[in-house]
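All of these numbers come straight from a predicted model, not from anything done at the bench. We name chains A, B, ... by the order of the sequence lines, and we start the count at 1 in each one.
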Number of protein chains: 2
Amino acid sequence: MTQTDSTKIDDFNLQEFLPYLLNRAAEESSLEFQQIYKDRYGILRTEWRVLFHLGNYGEMTAKEIGERARLHKTKISRAVHRLETRRYLVRNRSETDRRVENLILTQMGQSVYRELSGIAEQYDAKLMAQFNADEVALLRKMLRRLAHMD
Amino acid sequence: MTQTDSTKIDDFNLQEFLPYLLNRAAEESSLEFQQIYKDRYGILRTEWRVLFHLGNYGEMTAKEIGERARLHKTKISRAVHRLETRRYLVRNRSETDRRVENLILTQMGQSVYRELSGIAEQYDAKLMAQFNADEVALLRKMLRRLAHMD
DNA sequence: GAATAATAGTTGATTTTGTAACTAACAAGC
DNA sequence: GCTTGTTAGTTACAAAATCAACTATTATTC
């Protein structure tokens with residue numbers, strides 16, 4: 001099927017459409033890493049995000065994680081429940097506001113986080129290796145801007 | 001929660017981790033556009049991808065779409081079914097191989113595609129406007145590489 | 001300080017996805 | 001030309017995501 005096919009409608013080029021490119025790159029670049037935490041620890045994408053937020057930033061509440069990771073509270077709630085069941089974290093109800101619970105990684109959770117963040121670092125290095133340092137720095141900057149993380 | 005918090009475990013920085021950045025940027029940059037095709041035409045992400053492949057490349061089989069868009073055949077099958085129900089496309093069984101069906105956008109499908117691709121183009125322009133042309137060209141190139149699209 | 005509104009988090013119903021097993025058609029080997 | 005293997009696409013069942021309604025607690029307002 002070529003560009004000159006009679007059924008081609010307009011001049012829009014999907015291959016250049018930024019949201020599509022971003023999604024394809026995100027899917028592709030996550031695939032391998034995703035497989036590792038799924039196969040090895042049986043955790044899902046959302047659980048990975050929660051685990052990494054706690055490991056990376058330390059003790060937080062569900063709400064704080066939701067804001068930082070841009071995850072909906074129901075997703076967080078279920079992810080926290082599963083991580084708790086696996087004994088990767090414990091909840092600590094706030095003394096000052098009994099609605100709030102502080103989430104804390106257990107020894108086991110920390111150990112899983114450390115192992116996975118090590119693998120993540122290696123994986124990241126491998127991805128970056130195909131570009132030069134300036135390019136990677138610019139890429140990160142642009143992605144942070146697009147993600148409203150700056 | 002700061003970096004110096006006692007519960008912080010290591011030196012890994014989530015904000016710099018490429019797969020995470022790519023996912024966040026992809027989610028964020030798709031959100032607004034996604035809302036449009038969802039609210040206006042009631043179609044899902046996978047259906048959007050199938051529709052755009054057919055609109056952009058012309059008549060194709062489910063298998064070809066799957067390869068190009070990196071979508072699993074069950075996803076395609078269901079998306080095609082729904083697009084067919086909405087009368088956005090028709091199936092045309094191949095004469096030479098009765099297993100294969102060529103997928104063709106109807107007038108209605110083409111019209112929806114044209115409207116959405118127009119919106120997509122505007123949206124893309126808006127996203128790019130926050131960077132200069134060189135930066136955008138490099139970003140696209142790097143994303144295509146990461147997505148194995150080159 | 002009682003009534004109302006707002007917030008943190010959970011639960012349930014529905015939709016969507018993922019995995020595997022399936023059907024139908026074609027291809028290859030003998 | 002019949003058995004075996006492969007391919008295109010579908011379907012069934014389980015797992016996960018989404019959305020709205022819910023509980024419990026705190027904040028606000030009169």
Please report the distance, rounded to the nearest Å, between [atom1] in [X] and [atom2] in [N].
X	N	atom1	atom2	result
A:Glu67	C:dA8	CD	C1'	11 Å
A:Leu71	C:dA8	CG	P	16 Å
B:Ile76	D:dT10	CD1	C1'	13 Å
A:His81	C:dA8	NE2	C1'	17 Å
B:Glu101	C:dA24	CD	P	14 Å
A:Arg91	C:dG9	CZ	C1'	9 Å
A:Trp48	D:dA17	CH2	P	14 Å
A:Met60	C:dA8	CE	P	13 Å

Checking B:Phe52 now: which residues fulfil ring pair (Phe, Tyr, Trp, His ring centres under 6.0 Å) with it, not counting sequence neighbours?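 By the ring pair (Phe, Tyr, Trp, His ring centres under 6.0 Å) rule, B:Phe52 matches A:Phe12, B:Trp48, B:Tyr113.
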
With A:Arg98 via salt bridge (Lys or Arg N to Asp or Glu O under 4.0 Å) - residues at least two apart: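 Expected list: none.
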
Is there any protein nitrogen or oxygen under 3.5 Å from a nitrogen or oxygen in nucleotides 12-15 of chain C, and what are the pairs?
residue, atom, partner, partner atom, Å
C:dG12, N7, A:Arg78, NH2, 2.9
C:dG12, O6, A:Arg78, NH1, 3.0
C:dG12, O6, A:Arg78, NH2, 2.8

Starting at the 5' end of DNA chain C and moving along, which residue's nearest nucleotide shows up first, B:His72 or B:Thr96?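 It is B:His72 whose nearest nucleotide is closer to the 5' end.
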
Can you run down the salt bridge (charged side-chain N to carboxylate O under 4.0 Å, His left out) pairs that involve residues 74-83 of chain A, sequence neighbours left out, and say none if there aren't any?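 For residues 74-83 of chain A: A:Glu47-A:Arg82.
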
Just compare D:dT26, D:dT11, D:dA8 and give me whichever is closest to any side-chain atom of B:Val100.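 The listed nucleotide nearest to B:Val100's side chain is D:dA8.
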
So which nucleotide from C:dT17, C:dA8, C:dT10 ends up closest to the side chain of B:Thr46?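 Out of C:dT17, C:dA8, C:dT10, the nucleotide with an atom closest to B:Thr46's side chain is C:dT17.
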
Distance-only, no hydrogens or angles: does the A:Arg86 side chain make a donor-acceptor pair with backbone N or O of A:Ile43 under 3.5 Å?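 No, the answer is negative, given that no donor and acceptor are paired below the 3.5 Å cut-off.
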
Any donor-acceptor pair under 3.5 Å from B:Arg68 side chain to B:Tyr57 backbone: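 A pair under 3.5 Å: no.
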
With a 6.0 Å cut-off (strictly less than), is the heavy-atom count around NE2 of A:His81, excluding the residue itself, greater than 12?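 For A:His81, atom NE2 is not crowded (no more than 12 foreign heavy atoms under 6.0 Å).
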
With no hydrogens and no angle check, just 3.5 Å: does a side-chain donor-acceptor pair link B:Arg49 and A:Asn23?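 No, A:Asn23 and B:Arg49 have no side-chain donor paired with an acceptor closer than 3.5 Å.
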
Starting from the C-alpha separation in whole Å, work towards a yes-or-no answer on side chain to side chain donor-acceptor pair (under 3.5 Å) for A:Glu115 and A:Tyr37. CA-CA 10 Å; A:Glu115 175 151 351; A:Tyr37 60 69; over 6 Å; no

Just say parallel, tilted or perpendicular for the rings of A:Tyr123 and A:Phe33, cut-offs at 30° and 60°.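 If you compare the ring of A:Tyr123 with that of A:Phe33, the planes turn out parallel.
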
For B:Thr61 and B:Leu103, run side chain to side chain contact (heavy atoms under 4.5 Å, CB included): C-alpha distance rounded to whole Å, both residues' side-chain angles, the deciding distance at 0.1 Å, then the answer. CA-CA 6 Å; B:Thr61 69; B:Leu103 304 169; 5.9 Å; no

Could you list all N or O pairs between the protein and nucleotides 1-7 of chain D that sit under 3.5 Å apart?
residue, atom, partner, partner atom, Å
D:dT7, O2, B:Arg99, NH1, 2.9

Determine the contact category for B:Arg93: base if any of its heavy atoms lies under 4.0 Å from a base atom, sugar-phosphate if only primed atoms, P, OP1 or OP2 are that close, otherwise nothing.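 Nothing, no heavy atom under 4.0 Å.
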
Assign each of A:Arg45 and A:Ser94 to its nearest nucleotide of DNA chain D by heavy atoms, then name whichever residue's nucleotide is nearer the 5' end.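 Whichever sits nearer the 5' end wins; that is A:Arg45.
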
Please tell me which of A:Arg98 and B:Thr61 maps to the more 5' nucleotide of DNA chain D, matching each residue to the nucleotide holding its nearest heavy atom.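 So the residue in question is B:Thr61.
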
Using a cut-off of strictly less than 4.0 Å, decide whether B:Lys75 has a side-chain nitrogen or oxygen near OP1 or OP2 of C:dG18.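 It does, given that an N or O in the side chain of B:Lys75 lies less than 4.0 Å from OP1 or OP2 of C:dG18.
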
Would one find a side-chain N or O of B:Arg82 under 4.0 angstrom from OP1 or OP2 of C:dT17?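 Yes, B:Arg82 has a side-chain N/O under 4.0 Å of OP1/OP2 on C:dT17.
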
Which residues within residues 32-41 of chain A lie with some heavy atom under 4.0 Å of an atom in DNA chain C?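 Nucleic-acid contacts, sorted: A:Lys38.
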
Cationic N near anionic O, under 4.0 Å, B:Lys63 to B:Glu101: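 Here B:Lys63 does not pair with B:Glu101 in a salt bridge, since their nearest N and O are not under 4.0 Å apart.
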
Please evaluate residues B:Met128 and B:Arg140 with respect to the criterion side chain to side chain contact (heavy atoms under 4.5 Å, CB included), reporting the C-alpha separation (whole Å), side-chain torsions for both, the decisive distance (0.1 Å), and the verdict. CA-CA 11 Å; B:Met128 294 184 337; B:Arg140 288 217 173 93; 2.9 Å; yes

